[in-house]
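Numbers here are sequence positions counted from 1. These numbers come from a predicted model, not from an experiment. We use all heavy atoms of the structure for the numbers below, so side chains are in, but hydrogens, waters and symmetry mates are not. When a ligand or atom number is given, it counts from 1 through the structure's own listing order.
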Amino acid sequence: MNVYEEMIPYLLHWYRYNARVLPWREDPSAYHVWISEIMLQQTRVEAVRAYYTRFLEELPDVKALSECPDDRLMKLWEGLGYYSRARNLKKAAQAVCEQYGGTLPDTVTELRKLPGIGDYTAGAIASIAFHKPEPAVDGNVLRVLSRLSGSRACIALPEVKKEMAAELRKVMPAERSGELNQAIMDIGATVCVPNGSPHCEECPLMHLCTAFREGTTSEIPVKEEKKERRIEERTVFLIECEGAVLLHRRPEKGLLAGLFEYPNVLGKLSVKKAEAAVSELFSETEYGTPFTVRSIKKADNAKHIFSHIEWHMTAYLVKAEKGNASLPDDYVWAGPEDLRTRYSLPTAFAKWDARGKAKKG
Ligand code: SF4
């Protein structure tokens with residue numbers, strides 16, 4: 001019997017008494033598992049709880065999601081980041097309605113064909129909602145299994161992940177695969193934690209664990225250092241006119257695709273250059289000048305970190321007066337009510353209050 005087989009009864013027993021209470025576990029339908037797993041990618045459980053409940057209240061099933069207007073979907077996703085996840089959810093929901101009559105398929109192979117569903121999410125849906133003996137291997141699971149088996153293989157390598165998934169698949173108990181996957185996820189999240197020392201004394205796998213026995217929990221898992229993030233300087237304009245701020249819709253492709261932003265340009269501009277840049281925002285369009293600058297002053301600087309890039313933002317608060325030209329289609333004046341209910345501003349730009357002061361937190 002190898003350690004993967006040996007761990008199963010201990011994990012299932014532990015899970016019975018220690019499973020985290022999470023809203024998506026109350027009724028683990030395929031739709032619920034899917035939405036929660038997509039939200040949980042790159043986002044903490046505590047942050048997801050409220051979003052999940054609100055999302056489900058408004059979009060309770062695949063059909064409702066497939067018909068949700070894009071702007072509303074972005075509003076529901078506002079603050080969660082990585083907005084392509086929401087766009088893929090809708091695309092996948094449309095495909096499920098067209099190809100599977102509105103019910104998510106129950107095999108990993110079919111699930112993997114849907115936009116935004118990778119091996120992990122497909123495994124989680126198939127095992128938790130449909131009790132298929134499929135593994136769901138993410139960073140938490142890789143960490144637990146590496147420490148348990150004492151593996152020093154780099155967990156960033158796809159082949160290592162594949163191999164661990166294959167080993168796990170061999171021992172998956174029929175009917176209880178969902179419990180087993182969730183047990184390993186919970187051990188990884190609450191006991192065999194990623195930051196700081198793991199709580200081995202609380203772990204049901206301690207007597208089986210190589211890293212514990214050999215005192216190597218600080219060395220395992222092995223993970224190659226990530227590449228350094230690129231730093232990009234940007235100058236952001238908070239342009240206010242008659243109680244509304246100017247927003248621009250970003251292009252449909254690339255970072256924060258299709259979302260609103262405060263107008264901004266590359267580089268760290270002085271106040272003089274910033275004034276010239278803001279006055280020239282529409283100079284090359286057919287629309288003339290929809291506003292003129294009355295005053296400009298420095299706002300707080302802000303920073304936003306994406307996975308591969310870091311924005312260092314120099315911001316200016318601009319008071320403007322409406323001109324005689326209308327705005328181009330990809331710009332809009334947004335009042336406080338619009339910002340609350342209609343237009344979603346991604347976290348990268350939701351950094352300032354109305355006076356240009358950095359928001360706390
Ligand atoms: Fe992780 Fe410690 Fe449990 Fe091993 S004994 S799996 S290192 S928490």
Side-chain angles (χ1 to χ4, degrees), residues 1-22 24-25 33 36-37 40-49 118-121 123-124 126-128 133-226:
M1 203 189 264
N2 69 22
V3 73
Y4 281 63
E5 268 178 294
E6 280 184 276
M7 72 178 178
I8 293 172
Y10 299 100
L11 280 172
L12 292 177
H13 180 79
W14 178 88
Y15 186 69
R16 195 165 163 195
Y17 299 102
N18 297 282
R20 286 176 294 173
V21 178
L22 301 168
W24 44 92
R25 287 183 175 171
V33 176
S36 64
E37 289 299 346
L40 286 165
Q41 291 168 7
Q42 323 274 352
T43 313
R44 287 176 308 107
V45 166
E46 288 317 311
V48 166
R49 279 177 194 271
D119 288 334
Y120 170 79
T121 308
S127 63
I128 300 170
E134 293 288 352
V137 179
D138 69 350
N140 273 337
V141 176
L142 286 168
R143 179 175 60 259
V144 175
L145 296 180
S146 298
R147 285 175 172 165
L148 183 68
S149 61
S151 166
R152 287 181 182 270
C154 171
I155 61 167
L157 297 173
E159 56 267 32
V160 172
K161 192 171 178 178
K162 245 186 182 156
E163 206 172 297
M164 283 197 189
E167 287 301 312
L168 208 47
R169 186 176 288 108
K170 282 187 208 160
V171 302
M172 274 283 157
E175 291 303 311
R176 300 191 72 184
S177 52
E179 278 173 74
L180 183 67
N181 280 331
Q182 290 177 98
I184 312 177
M185 288 173 198
D186 282 16
I187 289 275
T190 63
V191 181
C192 197
V193 290
N195 304 312
S197 305
H199 311 307
C200 299
E201 65 292 346
E202 295 167 25
C203 182
L205 306 176
M206 189 173 80
H207 65 295
L208 299 173
C209 182
T210 303
F212 172 73
R213 199 168 50 245
E214 297 179 352
T216 53
T217 57
S218 60
E219 297 158 29
I220 297 176
V222 173
K223 202 174 173 186
E224 276 169 10
E225 283 301 304
K226 276 193 183 164

Open item on the list: Show me which atoms of ligand 1 lie under 4.0 Å from any heavy atom of T217.
Closed with: 7 (S)
Task: is_close_aromatic(Y10, H207), centroid dist under 6.0 Å - done: yes
TODO: Could you check Q182 against R20 for side-chain hydrogen bond (donor to acceptor under 3.5 Å, both in side chains), going step by step and ending with a plain yes or no?
DONE: CA-CA 9 Å; Q182 290 177 98; R20 286 176 294 173; over 6 Å; no
Task: Nearest-neighbour protein heavy atom for atom 4 (Fe) of ligand 1, which is reported as residue plus atom name and distance - done: C209 SG, 2.3 Å
Open item on the list: Return the CG to CZ distance between L205 and R147, rounded to the nearest 0.5 Å.
Closed with: 12.0 Å
Task: N, O or S atom of C203 closer to atom 3 (Fe) of ligand 1 than 2.8 Å - done: yes
Open item on the list: Give the atom numbers and elements of ligand 1 that come within less than 4.0 Å of a heavy atom of R147.
Closed with: 7 (S)
Task: N/O/S from C200 sitting under 2.8 Å away from atom 1 (Fe) of ligand 1 - done: no
Task: Contacting atoms of ligand 1, where contact means under 4.0 angstrom from a heavy atom of M206 - done: 5 (S)
- [ ] For atom 1 (Fe) of ligand 1, grab the closest protein heavy atom and report residue, atom and distance to one decimal in Å.
- [x] C192 SG, 2.4 Å
Task: Whether over 12 other heavy atoms sit under 6.0 Å from E163 CD - done: no
- [ ] Kindly indicate, with the supporting measurements, whether the criterion salt bridge (Lys or Arg N to Asp or Glu O under 4.0 Å) is fulfilled by K162 and E159.
- [x] CA-CA 5 Å; K162 245 186 182 156; E159 56 267 32; over 6 Å; no
TODO: With rounding to the nearest 0.5 Å, note down the distance linking CG in N18 to NE2 in H13.
DONE: 8.5 Å
Task: Sub-4.0 Å heavy-atom approach of L148 to ligand 1 - done: no
